[in-house]
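All values below were derived from every heavy atom in this structure, side-chain atoms included, with hydrogens, water molecules and symmetry-related copies excluded.
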Amino acid sequence: MSAGETTVPGNGVPGVPGNGTTSVPGNGTKAVPGNGTPDVPGITPVFVRLKLSLLRNGLRQSSGRRTAFILSGVLALLFAALQLVGLIVLRGNEHATTVVVLLTALLGLGWAVMPLFFPSGDETLDPTRLVMLPLRPRPLVRALLTASLVGIGPLFTFCLALGSVISVAHGAAAAVVGVVAVALTLLLCVALARAVAAANIRLLSSRKGRDLAVLSGLVIAVGVQVVNFGAQRLSNAGGLAKLDPVADVLSWVPPASAIGAVDAVSEGAYGRGAAQLLLAAAALAALLWSWERSLVKLMTSPDGSTLQAAEPARKESSRGFGGRHLPGGRTGTVIERSLRYVWRDPKTKAAWVTSLVIGLIVPVFNALQGTGTIYFACFAAGMLGIQMYNQFGQDTSAFWMVAMTISTPRDAYEELRARALALLVITLPYSVLVTVLTAALVGDWQALPEALGLSFGLLGAMLATGAVASVRFPYSIPQGSTHKNVAPGQAGLAWISILGGMIAAALLCAPLITLTIWLHVADADGWLWLVLPLGTAYGALITWAGVRWSAPQAAERLPEILSAVSKG
């Protein structure tokens with residue numbers, strides 16, 4: 001080695017610590033040890049520039065994406081500004097501490113679940129893309145944390161944390177603590193999202209992770225309903241004073257503890273404020289440590305690409321989903337296939353979960369608000385009955401394999417009957433559960449038999465009209481798009497299938513509804529229990545009639561059905 005060179009241990013990469021030796025030109029001869037060397041010089045600025053480049057290149061892909069990003073950014077910043085002004089105006093209010101503590105806790109929860117439901121929202125959330133680079137976990141954590149502060153989300157969080165501190169900070173000491181609290185809150189939220197993403201990256205990059213992304217809209221919708229219900233209950237129960245005990249507890253939970261520390265110092269409780277601030281700092285340190293451990297595991301442990309695709313100990317039973325208890329022949333095979341679609345196909349699963357959740361929310365929330373009756377439980381049967389519509393379209397292009405097994409009306413009948421039975425495996429016990437729960441909440445046990453009879457009759461009508469609609473008005477469900485459930489040009493078919501089928505189902509239920517109303521008007525309450533066996537028998541009969549009537553048409557229209565469901 002000649003003068004003017006610097007020896008840096010590395011793997012053939014200048015300036016990168018490792019197990020090899022690389023000569024790097026310099027102004028002197030200096031040995032730089034590999035172990036103990038901090039990291040690659042300038043790694044944090046490199047990652048910040050990388051984040052900015054990803055944002056810039058993403059906006060260059062299309063004008064639509066650029067417009068959506070700008071519009072969402074403007075709306076987010078506008079909302080953040082309004083929140084900041086609102087929190088500043090809240091300064092001096094007796095419930096200001098309750099509001100800001102709850103808001104900060106909710107903000108932390110949002111950062112925790114964001115990577116689970118939007119794994120593709122930030123390309124830098126996936127640390128597995130960096131495993132081939134000669135980077136140490138600790139410097140990588142520092143660089144990624146700094147790069148994570150670039151974006152609309154961190155700016156939005158900063159505005160809310162700043163407004164929260166301003167609303168509760170009184171005095172110079174509280175202002176000083178507030179500066180630390182804002183920084184801790186922002187870093188805690190960002191580190192929480194990163195730690196959760198790193199710990200669950202194998203899940204988020206798998207099929208189950210994509211399932212979570214599909215279900216994210218449902219979770220948000222349900223969350224909005226829960227928040228709306230809670231706000232109504234608070235309005236009727238005396239306002240924010242009811243939440244003071246909750247805020248007292250959450251003020252010791254990071255990141256809300258950082259804001260609680262500011263309020264404590266404002267009140268002169270310096271010991272409590274110091275404890276809450278130290279708790280937030282300890283939580284940040286724990287998150288960074290957990291994040292670093294996850295990175296070490298990701299960079300050193302094998303994944304599915306280095307392991308055998310199938311291990312003997314993990315082989316599934318050839319008859320899953322209770323296959324050993326299903327009927328033999330075509331019926332059992334179709335039932336098991338339908339249940340596997342519900343469990344494995346993201347869009348089918350999302351449709352089922354939506355129906356299950358909404359079917360429960362409507363009767364239960366109305367009962368809790370004092371405006372519901374037991375008859376709202378029929379909503380669950382109606383929501384689940386919708387799953388019978390467009391049965392062949394749910395198979396998408398794979399329907400051609402099913403079509404090859406249908407050559408006679410008898411084959412079509414067995415196919416439709418088995419699909420209806422697969423739905424009943426879930427819908428029957430669920431309808432009973434929702435009806436019993438609603439009866440308990442409204443305290444109307446006497447009406448339970450008639451409500452169950454009406455639910456079973458409605459479910460049978462939905463299955464019958466669903467079989468007809470699946471044959472007469474099939475449409476394709478695109479698999480490439482997460483948010484599109486109808487292929488272009490087939491929206492009219494979808495509306496006719498679902499809306500027309502629901503109207504027909506309501507008309508088919510008219511005799512059962514008329515009987516129930518007549519028994520009430522005639523003061524024949526002692527005979528209302530007959531609605532349960534009559535509704536059960538009527539639902540079974542009308543389901544059989546719908547399937548039987550649709551089977552010959554399905555066998556005859558098989559090429560048209562195959563063409564319609566394969567367009568997506």
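Atom CG of residue L77 and atom SG of residue C159 lie 7.0 Å apart, to the nearest 0.5 angstrom. Between R194 atom CZ and L295 atom CG the span is 9.5 Å, to the nearest 0.5 Å. Taken from CD in Q83 to CG in L107, the straight-line distance is 10.0 Å, to the nearest 0.5 Å. Distance check, rounded to the nearest 0.5 Å: CH2 of W289 to CZ of R138 gives 11.5 Å. One finds the CG atom of L184 at 10.5 Å from the CG atom of L279 (value rounded to the nearest 0.5 Å). Atom CZ of R142 is separated from atom CD1 of I43 by 8.0 Å, given to the nearest 0.5 angstrom.
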Set out, in order, the CA-CA distance, both residues' side-chain angles and the distance that settles side-chain contact (heavy atoms from CB on, under 4.5 Å) for L160 and T104, then state yes or no.
CA-CA 8 Å; L160 262 64; T104 307; over 6 Å; no
Could you go through the side-chain contact (heavy atoms from CB on, under 4.5 Å) check for W343 and T348 one step at a time?
CA-CA 8 Å; W343 182 251; T348 305; over 6 Å; no
Between V364 and V434, is a side-chain contact (heavy atoms from CB on, under 4.5 Å) present by the stated rule, with each step listed?
CA-CA 8 Å; V364 169; V434 173; 5.8 Å; no
Go through the steps to decide whether W352 and I426 satisfy the test side-chain contact (heavy atoms from CB on, under 4.5 Å), and finish with yes or no.
CA-CA 10 Å; W352 269 97; I426 302 174; 3.7 Å; yes
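I358 places a side-chain heavy atom less than 4.5 Å from the side chain of F379. Contact check for L287 versus L187: no side-chain heavy atoms found under the 4.5 Å cut-off. Contact of the S251 side chain with the I259 side chain is not registered, since no non-hydrogen atoms from C-beta on lie closer than 4.5 Å. Between P255 and C189 the shortest side-chain heavy-atom distance falls below 4.5 Å. No side-chain heavy atom of T44 sits less than 4.5 Å from a side-chain heavy atom of L145.
A191 and L288 make their closest contact through CB-CD2, 4.2 Å (heavy atoms, listed as atom of the first residue, atom of the second, distance). Scanning both residues, V48 and V150, for their nearest heavy atoms gives CG1-CG2, 4.3 Å. Between S148 and V190, the closest heavy-atom pair is CB-CG1, 3.2 Å. Taking all atoms of both residues into account, the shortest heavy-atom contact from L441 to A367 is CB-CB, 3.8 Å. Across every non-hydrogen atom of Y430 and G359, the tightest pair is OH-C, 4.1 Å. Between L192 and G108, the shortest heavy-atom contact is CD2-O, 3.4 Å.
For T157, the side chain to side chain donor-acceptor pair (under 3.5 Å) criterion is met by W111, not counting sequence neighbours. Judged as a side chain to side chain donor-acceptor pair (under 3.5 Å), and not counting sequence neighbours, the contacts of R91 are H170. Remark: S290 pairs with no residue by the side chain to side chain donor-acceptor pair (under 3.5 Å) rule, at least two apart or across chains.
Residue pairs meeting the salt bridge (Lys or Arg N to Asp or Glu O under 4.0 Å) criterion with at least one member in residues 145-154, sequence neighbours excluded, do not occur. Applying the salt bridge (Lys or Arg N to Asp or Glu O under 4.0 Å) test to every pair with at least one member in residues 258-271, sequence neighbours left out, gives these pairs: E267-R272. Within the structure, ring-ring contact (aromatic ring centres under 6.0 Å, His included) pairs that include any residue of residues 129-158 comprise F79-F156 (at least two apart or interchain).
Counting only distance, with no hydrogens or angles, the side chain of D244 and the backbone of T98 share no donor-acceptor pair below 3.5 Å. Proximity of a side-chain donor or acceptor of Q276 to a complementary backbone N or O of V262 within less than 3.5 Å is not detected.
Other residues, nucleotides and ligands contribute more than 12 heavy atoms inside 6.0 Å of the CZ atom of R337.
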